Amino acid sequence: MSFTLPDLPYAHDALQPFMSKETLEYHHDKHHQAYVTNGNNAIKGTEFEGKSLEEIVKTSHGKNPAVFNNAGQHYNHLHFWKWMKPNGGGKLPGALEKAVVDSFGSVEKFKEDFVAAGVGQFGSGWAWLEVKGGKLAVSKTPNGESPLIHGATPILGVDVWEHSYYIDYRNRRPDYLKAFLESLVNWEYVAELYDGAKA
């Protein structure tokens with residue numbers, strides 16, 4: 001199975017002013033395209049050829065850095081574009097909100113923990129809301145890693161590589177993370193993944 005770059009689910013300027021057209025042009029059209037191209041080249045002629053993306057991510061970790069780094073970032077970004085939408089943020093759908101409150105005590109506490117994970121990730125990486133052992137948890141990973149390789153299912157992730165926010169926020173990563181949660185997250189998609197992870 002070769003990787004392909006999907007179109008964004010919205011126009012390049014649809015997430016403004018929280019994420020600029022310029023950021024999406026660089027991040028989706030250049031960075032994500034590079035993961036696709038380099039991933040396809042790295043997989044050619046290896047044991048990973050013909051496997052599903054999730055399988056490649058899980059089995060290449062610790063074995064083949066070129067395959068893993070590109071496949072991992074491709075997997076993360078396929079979801080990242082769907083984790084955002086124009087006029088995002090707002091109230092969490094019922095079942096997801098209940099699960100968040102059960103796990104964190106309140107939606108606000110979850111948001112605090114999520115922002116703290118993103119701010120606390122040294123260098124490049126991701127902050128996550130994951131389902132592990134039937135419970136919701138916040139985690140962070142370096143580079144292209146995700147909860148997938150740590151026995152959990154990611155249902156929300158935010159990219160804290162500098163190319164994700166530097167054009168719009170410069171070094172203000174906390175402001176980017178807050179804007180992501182309050183104005184960009186597609187909670188319906190998160191709820192859909194949560195339902196799938198419980199099944």
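Please read all numbers here as calculations on a predicted model, not as lab measurements.
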K.L.:
Would Asp29 and His12 count as having a side-chain donor-acceptor pair, cut-off 3.5 Å?
P.N.:
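The answer is yes; a qualifying pair exists.
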K.L.:
With no hydrogens and no angle check, do the side chains of Ser20 and Asp168 hold a donor and an acceptor under 3.5 Å apart?
P.N.:
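There is such a pair between these side chains.
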K.L.:
When hydrophobic residues are tied together by side-chain contacts of less than 4.5 Å, even through go-betweens, does Tyr176 share a cluster with Tyr26?
P.N.:
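Not linked; separate clusters.
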K.L.:
Return the CD to OG1 distance between Glu54 and Thr59, rounded to the nearest 0.5 Å.
P.N.:
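Interatomic distance, Glu54 CD to Thr59 OG1, rounded to 0.5 Å: 11.5 Å.
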K.L.:
Between Trp161 (side chain only) and Asn143 (backbone N and O only), is there a donor and an acceptor less than 3.5 Å apart?
P.N.:
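Answer holds: yes.
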K.L.:
Does Ser106 use its side chain to pair, donor to acceptor, with the backbone of Val101 at less than 3.5 Å?
P.N.:
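Here the side-chain-to-backbone pair does not exist.
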K.L.:
Less than 6.0 Å separating the ring centroids of His77 and Trp126?
P.N.:
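Centroid distance His77-Trp126: below 6.0 Å, so yes.
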K.L.:
Using a 3.5 Å distance criterion without hydrogens, assess whether the side chain of Lys198 forms a donor-acceptor pair with backbone atoms of Gly134.
P.N.:
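Flag not set: sc Lys198 to bb Gly134 has no pair under 3.5 Å.
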K.L.:
When you compare the side chain of Leu78 with that of Leu53, does any pair of heavy atoms fall below 4.5 Å?
P.N.:
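The answer is yes; the side chains approach within 4.5 Å.
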K.L.:
Can you tell if the side chain of Asp113 reaches within under 4.5 Å of the side chain of Lys109, non-hydrogen atoms only?
P.N.:
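Yes, their side chains come closer than 4.5 Å.
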K.L.:
Mind checking whether Phe110 and Phe104 have parallel, tilted or perpendicular rings, split at 30° and 60°?
P.N.:
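Aromatic pair Phe110/Phe104 classed tilted.
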K.L.:
Find out whether Phe68 and Glu145 are in side-chain contact, i.e. whether some heavy atom of one side chain is under 4.5 Å from a heavy atom of the other.
P.N.:
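SC-SC contact between Phe68 and Glu145 confirmed.
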K.L.:
Start with the C-alpha distance between Leu177 and Val119, add both sets of side-chain angles, then the distance that settles side chain to side chain contact (heavy atoms under 4.5 Å, CB included), and finish with yes or no.
P.N.:
CA-CA 8 Å; Leu177 290 163; Val119 171; 3.7 Å; yes
K.L.:
For Tyr35 together with His74, are the ring centres under 6.0 Å from each other?
P.N.:
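No; Tyr35 has its ring centre 6.0 Å or more from that of His74.
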K.L.:
Have Tyr165 and Thr23 got a donor and an acceptor in their side chains that come within less than 3.5 Å?
P.N.:
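No, no side-chain donor-acceptor contact under 3.5 Å.
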K.L.:
Please say yes or no: joined through hydrophobic side-chain contacts below 4.5 Å, possibly via intermediate residues, are Tyr10 and Val190 part of one cluster?
P.N.:
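Yes; Val190 is reachable from Tyr10 via cluster members.
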K.L.:
Give a yes or no on whether Leu184 and Tyr166 share a hydrophobic cluster (residues Ile, Leu, Val, Met, Phe, Trp, Tyr; joining criterion: side-chain heavy atoms under 4.5 Å apart).
P.N.:
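Per the 4.5 Å side-chain linkage, Leu184 and Tyr166 are co-clustered.
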K.L.:
Quick check: does any side chain N or O of Asn69 sit under 3.5 Å from a backbone N or O of Pro65, one acting as donor and the other as acceptor?
P.N.:
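Yes, because the side chain of Asn69 sits within donor-acceptor range (under 3.5 Å) of the backbone of Pro65.
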K.L.:
Do Pro147 and Ser139 have side chains that get closer than 4.5 Å, going by heavy atoms?
P.N.:
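The answer is yes; the side chains approach within 4.5 Å.
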K.L.:
Are the side chain of Thr37 and the backbone N or O of Gln33 linked by a donor-acceptor pair below 3.5 Å?
P.N.:
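Here the side-chain-to-backbone pair exists.
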K.L.:
Answer yes or no: does atom NZ of Lys98 have more than 12 heavy-atom neighbours from other residues, nucleotides or ligands under 6.0 Å?
P.N.:
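No, not enclosed.
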K.L.:
For the residue pair Ile56 and Tyr75, establish whether any side-chain heavy-atom pair is separated by less than 4.5 Å.
P.N.:
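A side-chain contact is absent here, since even the closest heavy-atom pair is not under 4.5 Å.
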K.L.:
Just wondering, do Phe114 and Val158 contact through their side chains at under 4.5 Å, heavy atoms?
P.N.:
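Sidechains of Phe114 and Val158: in contact.
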K.L.:
Between Arg173 and Glu162, does at least one N-O distance fall below 4.0 Å, as a salt bridge requires?
P.N.:
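Salt bridge absent between Arg173 and Glu162.
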K.L.:
More than 12 heavy atoms of other residues, nucleotides or ligands under 6.0 Å from CG of Asp102: is that the case?
P.N.:
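More than 12 heavy atoms, drawn from other residues, nucleotides or ligands, come within 6.0 Å of this atom.
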K.L.:
Determine yes or no for a side-chain-to-main-chain donor-acceptor pair under 3.5 angstrom, with Gln16 supplying the side chain and Lys21 the backbone.
P.N.:
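Present.
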K.L.:
Is there a donor-acceptor pair under 3.5 Å between the side chain of Trp83 and the backbone N or O of Ile155?
P.N.:
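Judged by distance alone, yes, a pair lies under 3.5 Å.
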K.L.:
Under the 3.5 angstrom rule, does the side chain of Ser103 hit a backbone N or O of Val100 as a donor-acceptor pair?
P.N.:
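Not at all, since once roles are kept as given, no pair shorter than 3.5 Å links the two residues.
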K.L.:
Is the closest basic N to carboxylate O distance between Lys91 and Glu97 below 4.0 Å?
P.N.:
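Glu97 and Lys91: salt-bridged.
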K.L.:
Do Leu15 and Leu8 share a hydrophobic cluster (ILVMFWY, side-chain heavy atoms under 4.5 Å, transitive)?
P.N.:
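Yes; tracing contacts between hydrophobic side chains, which count when under 4.5 Å, links both residues.
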K.L.:
Tell me if the aromatic rings of His27 and His32 count as close, with their centers under 6.0 Å from one another.
P.N.:
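Centroid separation for His27 and His32: 6.0 Å or greater.
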K.L.:
Would you indicate whether the side-chain heavy atoms of Lys63 and Val67 approach each other to under 4.5 Å?
P.N.:
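No. Closest side-chain heavy atoms not under 4.5 Å.
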K.L.:
Is it true that Leu136 and Val107 fall in one hydrophobic cluster, defined by side-chain heavy atoms closer than 4.5 Å?
P.N.:
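Yes, because Leu136 and Val107 connect within a single hydrophobic cluster, where side-chain heavy atoms sit under 4.5 Å apart.
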K.L.:
Whether the side chain of Asn40 engages the backbone of Ser2 through a donor-acceptor N/O pair (distance < 3.5 Å, no angle test) should be reported.
P.N.:
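Flag not set: sc Asn40 to bb Ser2 has no pair under 3.5 Å.
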